[in-house]
Amino acid sequence: MALVLNDEQRMVKESADGFFAENAPVAQLRKLRDGADATGFDRGLWAKMAEMGFAGVAIPEQFGGAGLGMVAAGLIQEAIGRNLSLSPFLSSAVLSATAIGKGGSEEQKAALLPQIASGELIVALAADEKARHQPATISTRAEASGNGFRLTGGKPFVLDGHVADRLIVAARTSGAETDTAGITLFLVDPKAAGVSIARRSMVDSRNAADIGLDGVQVDGADVLGEIGGGFAILEAALDAGRACLAAELLGVSAQSFETTVDYLKQRDQFGVKIGTFQALQHRAAHLFCEIELARSVTLKALTALDEGDARAPLFVALAKAKTGDVAKLATNEAVQMHGGIGMTDEFDIGFYMKRARAAAETFGDAAFQGDRVAQLLDY
Amino acid sequence: MALVLNDEQRMVKESADGFFAENAPVAQLRKLRDGADATGFDRGLWAKMAEMGFAGVAIPEQFGGAGLGMVAAGLIQEAIGRNLSLSPFLSSAVLSATAIGKGGSEEQKAALLPQIASGELIVALAADEKARHQPATISTRAEASGNGFRLTGGKPFVLDGHVADRLIVAARTSGAETDTAGITLFLVDPKAAGVSIARRSMVDSRNAADIGLDGVQVDGADVLGEIGGGFAILEAALDAGRACLAAELLGVSAQSFETTVDYLKQRDQFGVKIGTFQALQHRAAHLFCEIELARSVTLKALTALDEGDARAPLFVALAKAKTGDVAKLATNEAVQMHGGIGMTDEFDIGFYMKRARAAAETFGDAAFQGDRVAQLLDY
Amino acid sequence: MDETAELAAFRAETRAWLEANCPDEMRSPGAGDDDMCWGGRKWTFKSEAQKQWLERMAAKGWTVPEWPQEYGGGGLSKDEAKILAQEMRRIRARSPLSSFGIWMLGPALLKYGNEAQKKEHLPKIARGEIRWCQGYSEPGAGSDLASLRTSAVLDGDEFVVNGSKIWTSYADKADWIFCLVRTEPDAPKHLGISFLLFDMDSPGVSTSPIKLISGYSPFCQTFFDNVRVPAENLMGTRGKGWDIAKYLLTHEREMIGDMGSPGGVSMRDVARQEIGTDADGRLNDPLLRVDVARFDVDSYAFALTMERVKDEAKAGQGTGAMSSLLKYYGTELNKRRQELLMSITGSDGLSWEGEGIRDGALAKDWLRSRANSIEGGTSEVQLNIIAKRVLQLPGA
Amino acid sequence: MDETAELAAFRAETRAWLEANCPDEMRSPGAGDDDMCWGGRKWTFKSEAQKQWLERMAAKGWTVPEWPQEYGGGGLSKDEAKILAQEMRRIRARSPLSSFGIWMLGPALLKYGNEAQKKEHLPKIARGEIRWCQGYSEPGAGSDLASLRTSAVLDGDEFVVNGSKIWTSYADKADWIFCLVRTEPDAPKHLGISFLLFDMDSPGVSTSPIKLISGYSPFCQTFFDNVRVPAENLMGTRGKGWDIAKYLLTHEREMIGDMGSPGGVSMRDVARQEIGTDADGRLNDPLLRVDVARFDVDSYAFALTMERVKDEAKAGQGTGAMSSLLKYYGTELNKRRQELLMSITGSDGLSWEGEGIRDGALAKDWLRSRANSIEGGTSEVQLNIIAKRVLQLPGA
């Protein structure tokens with residue numbers, strides 16, 4: 001597949017760009033943050049996103065989705081990045097939908113995917129247990145009990161964990177703490193006995209929760225995929241999430257960059273526009289190149305996922321590494337070039353810087369992805 | 001000790017700066033290279049360096065040296081770096097003199113150090129066996145034989161190995177290939193049976209040789225230091241060499257930078273001096289800062305060696321890492337800012353770029369030194 | 001190094017005095033801003049010990065050891081002041097007084113003030129009676145400080161000040177302000193500026209705090225609406241205030257530049273704890289280990305440069321050109337340090353508020369550090385200065 | 001993707017023709033410059049196969065597949081040309097002819113040349129009969145190409161050319177030169193330039209090779225001493241030569257920019273071999289492993305950007321602004337690649353000449369790569385272009 005959008009994808013892009021700019025601009029994030037909103041996003045917006053078909057963009061048509069795949073999902077998340085829009089899109093429509101699509105039985109898919117696509121059901125993925133991403137490091141235990149299992153452990157920083165209607169929990173049914181084998185995924189009702197949920201306030205005003213599992217009883221029917229075979233499902237979900245985060249980081253970078261270039265054209269200093277300073281021109285031109293590179297590798301990662309390309313994990317790692325670094329550079333340069341005003345809370349650019357760092361960190365930063373690139377390329 | 005030169009050191013600096021600019025400027029290096037000179041340096045120059053007291057600068061007065069220590073040796077090597085002067089100063093006066101001073105018996109010191117100081121005897125250190133510096137990786141074997149040992153193995157890239165009157169060879173008397181214990185140093189006559197010497201042509205026109213050892217018989221009296229205890233001596237010699245190389249890299253950087261700043265002031269392009277371009281101004285100003293940092297850490301490393309500071313290995317590693325990176329940046333920026341003319345062999349700046357890379361590589365590049373920093377700081 | 005008999009005696013006396021007079025509570029590094037003593041009319045001491053310590057030190061003039069005794073200082077020589085500092089460090093004594101008056105206005109007053117101004121203001125600064133703030137930057141001016149528009153028009157024997165200042169640290173807590181104003185609106189921009197001192201309680205002065213991306217900050221915007229300032233409060237020559245400003249900016253650069261040196265939270269400790277180490281003691285994340293090592297190389301080289309600059313200054317070899325280097329490199333290095341700490345701590349570091357040990361402090365420090373390369377002259381301005389003054393490049 | 005019946009037939013024919021006509025010796029990638037066929041009056045074929053291959057391909061017009069048949073081209077459509085390239089790759093067929101005439105002058109002639117010029121020059125280029133060199137840069141001009149001083153003064157029906165060009169690749173082996181000259185000395189500098197074609201055998205032309213820091217190079221300096229050139233050899237409009245130059249520079253940028261993509265010596269292979277790997281297959285030097293991984297991230301992202309730019313151009317979505325990006329980033333990346341290869345190979349890589357396997361080739365490639373960001377418009381010029389044309393920054 002060529003590295004250009006097809007007509008369908010271009011339509012998705014246009015509608016997503018328009019939708020988020022109009023319905024969920026940065027002002028909405030600011031309002032939710034200042035009001036310390038308990039939900040952390042606008043449920044009305046989420047309903048509209050479902051109506052637009054965004055919540056089910058990557059879910060197959062047979063399960064109520066649009067079946068448009070990851071390139072389309074990435075375009076939506078890029079628009080989210082440009083506007084810093086808040087919603088459970090990543091956790092429910094990307095991570096959880098991918099995990100269920102990849103690992104779920106026909107019954108589970110039929111029961112859950114249409115509800116995710118319609119926005120009625122928010123599902124969150126509770127995988128990581130470490131502050132730095134180490135997807136195979138899982139200590140949460142799942143011990144056989146009755147016709148099912150009892151789960152005990154803790155999951156910090158679960159995205160949208162505080163509003164989820166269902167949790168996908170990665171727990172260990174066998175193996176040592178860092179083995180990839182022996183990990184099993186479970187569908188858990190957050191209202192079940194033994195589940196505790198504490199909301200976390202994050203630098204980027206995103207929503208996360210620390211989830212405690214104290215002998216939570218689950219049924220055999222709540223197992224997602226094979227027992228002990230959860231890691232492959234998890235990796236598929238994480239790669240979908242990483243590719244979409246790359247797209248979001250691309251949106252964050254592009255928006256910060258454009259805002260900065262505009263500022264360079266209108267801000268006067270020492271009697272001239274600051275955009276006339278060659279040192280700033282060269283830095284801006286370099287950043288332009290970096291963002292174009294980030295755009296190419298992100299599109300390739302999303303395309304490779306859609307094509308089932310065996311090298312998809314490599315392209316995803318490359319994209320996440322590149323966009324993470326580029327977004328940090330773009331937002332840092334934005335703040336520096338804006339000077340004092342860029343440091344004030346009143347100005348929006350700080351929100352972009354915060355989100356850039358958090359998204360770059362989520363599911364593996366450039367160091368993690370670089371190591372993964374080296375492993376996948378066998379060195 | 002404060003990070004400023006004392007009066008004695010300032011005198012050394014002045015005389016070294018004047019001496020090398022006058023007696024061994026880049027033109028001499030060019031002539032030796034173009035003539036493919038067999039010795040690879042001017043023996044007359046080396047005799048003059050000995051007369052000036054440079055060859056014995058760091059050798060104690062009781063052994064015929066000037067007893068001025070490593071700061072003084074570094075100042076000489078910095079001047080060498082500014083002029084790209086060729087001589088066996090590093091191999092004989094720094095590396096070998098340090099190894100003998102640290103490991104030699106009173107007899108060995110009395111026999112060898114005065115001759116090194118007078119320039120009559122050139123001693124070369126044959127330690128490394130790998131293309132990338134790994135000082136403990138030694139496969140050359142020393143097997144007991146008669147009242148001494150038989151040495152078998154090979155030493156590539158021995159600095160000044162082709163003109164040495166004596167070699168200090170690191171060989172293994174016990175232990176596995178990468179153990180630090182079990183390494184022993186031997187004084188070897190390059191004319192002894194079984195020694196083969198093949199000169200190597202290097203990118204920086206420095207002199208090196210591949211040395212083969214095929215059952216070379218040495219006496220028990222030729223052991224330098226304790227049997228199996230050679231690594232500590234080697235490390236002392238290497239740290240002296242690294243600190244002096246840092247000083248040389250500082251000289252290379254400073255000279256390249258000054259040449260470039262002068263060029264920025266006189267070269268016209270698009271109707272103005274290219275030094276008026278702010279993008280180049282900022283890069284030059286940044287480089288100025290980097291060179292000042294390199295200067296500070298180099299002076300500290302040399303000072304710490306003179307003071308017997310326990311942290312000397314840390315400061316040496318920091319200095320070698322920093323100066324290596326800075327010299328590469330300084331010479332690369334020099335070539336780029338000179339444009340096409342900087343790429344021609346006719347212009348001197350290319351010589352600086354070649355030497356910068358080779359010296360940065362010798363006895364451990366920034367990657368090696370960074371790893372060493374991490375180890376010494378316990379992480 | 002042998003100390004003269006006189007200095008040795010001074011050291012012994014000082015040590016004894018400190019032992020007797022420094023309260024125990026003052027013998028530990030404070031936990032940051034909250035444990036500092038800023039003084040001033042509105043100040044509430046955090047403890048009796050804090051009050052005692054300030055009063056005792058001020059009585060000896062040791063809040064400003066090198067200032068002349070007639071202005072409330074200790075009248076110490078450089079060597080004596082160094083001994084006092086060493087002896088204070090020995091018992092980990094806190095600084096008795098933090099003050100822009102001491103750090104900034106005082107040196108400028110000693111150099112540019114008239115006798116009446118010195119007599120009036122210096123003792124009150126030394127005793128922590130008056131807290132000062134700095135009125136330099138203006139909204140919209142940014143790096144181009146000299147484009148300031150706050151006006152001071154002479155009306156009889158008073159200046160009437162109108163305009164606004166931004167980034168005035170602690171303006172809401174300060175008693176007086178030292179302030180750049182434009183007295184000659186028609187002169188070339190660097191020549192129409194004067195340096196005024198006035199009371200923040202004067203009618204027409206108001207302040208409003210600035211919230212930063214890192215949260216609440218000491219910064220304020222300050223407004224002047226027909227503030228009347230006695231003409232004798234002009235410091236230095238009318239129209240020559242820019243010289244004083246440049247003198248003070250050099251001071252400020254050096255203070256801010258200090259931040260890149262190793263210190264504060266040990267990154268290595270944080271890294272060992274957060275990332276863990278393998279059997280050989282190496283950090284478990286090889287890529288981050290590389291970044292920490294590379295940071296250490298630059299961080300040590302920078303700290304040693306600060307040391308060298310100080311040593312050279314002492315030896316009379318200073319070039320005077322290094323303050324821009326220290327400001328530029330130190331602040332860029334501190335930003336890198338905070339970035340790296342964030343990378344090391346992962347999602348822990350991203351926490352904003354809550355029950356975590358760090359309580360958002362890491363993220364706030366990270367965000368706050370972004371301003372280091374903007375305030376006190378941006379990195380770009382420092383590079384311009386180096387290009388012009390040190391490298392003497394054309395047109396710089 | 002379904003091929004039309006016509007294209008499928010073309011593919012089958014082409015495949016059969018290539019099988020029958022491409023000599024076996026020409027079915028492997030050449031070992032660099034020495035195995036390329038440059039053609040021209042002074043050319044000596046390296047083998048009979050090289051000669052045959054050129055003659056057979058030239059006879060079909062396939063040295064320049066898309067040029068019109070009347071000018072010696074193959075007259076193929078874009079799709080057919082693509083099929084030819086694919087089929088040649090399939091049997092690893094070498095390019096039959098390397099030529100600045102094909103890569104640079106030809107496209108410019110087709111666009112700016114008059115009919116007589118096209119008829120005269122294009123067929124000889126296509127058949128490899130005339131080898132061309134490029135006369136652009138002048139000593140002392142550097143990036144400021146338009147400041148050229150080589151003069152061409154009309155004298156009757158001839159121009160008299162005086163001056164000197166530098167960085168003319170293979171000038172000593174070329175038969176003709178396409179050359180920028182100043183015909184209007186009093187016009188503004190971009191408006192007084194014309195584009196002349198002339199024979200290097202003309203009296204008054206001499207060349208002198210340039211030795212680079214990487215050793216001997218194809219570059220020459222070329223001198224013109226009262227060289228008489230027929231007036232009809234002026235290409236395009238007199239005084240408008242700068243337009244042709246800009247058109248060609250864009251071409252050159254794209255060619256040079258190609259160099260940063262993965263290819264050539266595999267860095268990963270070299271690294272595995274030189275550094276070795278541990279039990280888990282990781283490179284034994286963790287710091288270099290990080291550098292290789294970081295390089296790979298940028299290198300893939302760059303290669304994918306080239307791919308995207310091509311795909312967008314095909315889809316008619318190209319912005320046309322990308323050639324400076326590719327030139328800038330590609331050459332900087334190639335420099336980084338060569339630096340890294342040198343780090344990986346340590347003292348092996350530093351060998352200059354001798355018995356080593358690499359025989360100094362690595363060091364020479366490293367040194368040669370430094371010129372990539374200078375030739376064909378420096379990196380700084382590319383950044384200026386991006387700032388001006390893409391970002392539309394003021395004063396850029």
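To find a chain, count down the sequence lines: A is the first, B the second, and so on, and within it residues start at 1.
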For a 4.5 angstrom cut-off between non-hydrogen side-chain atoms, does [X] reach [Y]?
{"X": "L288(D)", "Y": "R132(B)", "value": "yes"}
{"X": "E339(D)", "Y": "K328(B)", "value": "yes"}
{"X": "E375(D)", "Y": "M343(B)", "value": "no"}
{"X": "D144(D)", "Y": "D268(B)", "value": "no"}

Which atom pair, heavy atoms only, marks the closest approach of [X] to [Y]?
{"X": "G140(D)", "Y": "R267(B)", "answer": "O-NH1, 2.6 Å"}
{"X": "E274(D)", "Y": "A131(B)", "answer": "OE1-CB, 4.3 Å"}
{"X": "T344(B)", "Y": "I210(D)", "answer": "CG2-CG2, 3.9 Å"}

Do you know which of [options] has the most heavy-atom pairs with chain D at a distance under 4.5 angstrom?
{"options": "D371(B), D365(B), D204(B), T362(B)", "value": "D371(B)"}
{"options": "Q269(B), Q134(B), R206(B), M202(B)", "value": "Q269(B)"}
{"options": "G370(B), G342(B), G350(B), G340(B)", "value": "G340(B)"}

- Is the cationic atom of K354(B) (NZ for Lys, CZ for Arg) positioned less than 6.0 Å from the six-membered ring centroid of W352(D) and within 45 degrees of its normal?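 Yes, K354(B) sits over the ring of W352(D).
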- request: Could you have a look at S217(D), A141(D), P286(D), S214(D) and say which one has the most heavy-atom pairs with chain B under 4.5 angstrom?
  value: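 So the answer, after comparing S217(D), A141(D), P286(D), S214(D), is A141(D).
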Could you check which of G215(D), S343(D), G346(D), A371(D) has the highest count of heavy-atom pairs closer than 4.5 Å to chain B?
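Option with the greatest count: S343(D).
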Exercise. Mind checking what makes salt bridge (charged side-chain N to carboxylate O under 4.0 Å, His left out) contact with R30(B), not counting sequence neighbours?
Worked result: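 Partners of R30(B) by the salt bridge (charged side-chain N to carboxylate O under 4.0 Å, His left out) criterion, ordered by chain and then number, come out as D345(B), D348(B).
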Which atoms of [X] are under 4.5 Å from chain B, going by heavy atoms: the side chain, the backbone, both sets, or neither?
{"X": "A146(D)", "value": "neither"}
{"X": "A363(D)", "value": "side chain"}
{"X": "L350(D)", "value": "both"}
{"X": "S373(D)", "value": "both"}
{"X": "S137(D)", "value": "neither"}
{"X": "L367(D)", "value": "both"}
{"X": "S379(D)", "value": "both"}

Does [X] [atom1] have over 12 foreign heavy atoms under 6.0 Å away?
{"X": "K265(B)", "atom1": "NZ", "answer": "yes"}
{"X": "K211(D)", "atom1": "NZ", "answer": "yes"}
{"X": "E346(B)", "atom1": "CD", "answer": "no"}

**Study point:** Audit row: M342(D), E361(B), side-chain contact (heavy atoms from CB on, under 4.5 Å) steps and yes/no
**Key:** CA-CA 9 Å; M342(D) 289 296 285; E361(B) 211 67 47; 5.6 Å; no
Measuring from [X]:[atom1] to [Y]:[atom2], what's the distance to the nearest 0.5 Å?
{"X": "I349(B)", "Y": "I213(D)", "atom1": "CD1", "atom2": "CD1", "answer": "9.5 Å"}
{"X": "S347(D)", "Y": "H133(B)", "atom1": "OG", "atom2": "NE2", "answer": "10.5 Å"}
{"X": "K335(D)", "Y": "N332(B)", "atom1": "NZ", "atom2": "CG", "answer": "6.5 Å"}

Anything in residues 271-287 of chain B with a heavy-atom distance to chain D below 4.5 Å? Please list those residues in order.
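Contacts with chain D: G271(B), L280(B), R283(B).
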F157(B) and D348(D): side-chain contact (heavy atoms from CB on, under 4.5 Å), yes or no, with the steps?
CA-CA 9 Å; F157(B) 304 107; D348(D) 273 353; 3.6 Å; yes
Q. Within the side chain of R370(D), is there an N or O that forms a donor-acceptor pair under 3.5 Å with the backbone of M353(B)?
A.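 Judged by distance alone, no pair lies under 3.5 Å.
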Check: Excluding sequence neighbours, so at least two apart, what forms ring pair (Phe, Tyr, Trp, His ring centres under 6.0 Å) with F219(D)?
Finding: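 Checked F219(D) against ring pair (Phe, Tyr, Trp, His ring centres under 6.0 Å); matches are W167(D).
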Review point. How would you list, by chain and number, every residue that makes a ring pair (Phe, Tyr, Trp, His ring centres under 6.0 Å) with F270(B), sequence neighbours excluded?
Key: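 F270(B): no ring pair (Phe, Tyr, Trp, His ring centres under 6.0 Å) contacts found.
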Under 3.5 Å side-chain donor-acceptor pair for Q336(B) and T378(D)
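No, because no side-chain N or O of Q336(B) sits under 3.5 Å from a partner of the opposite role on T378(D).
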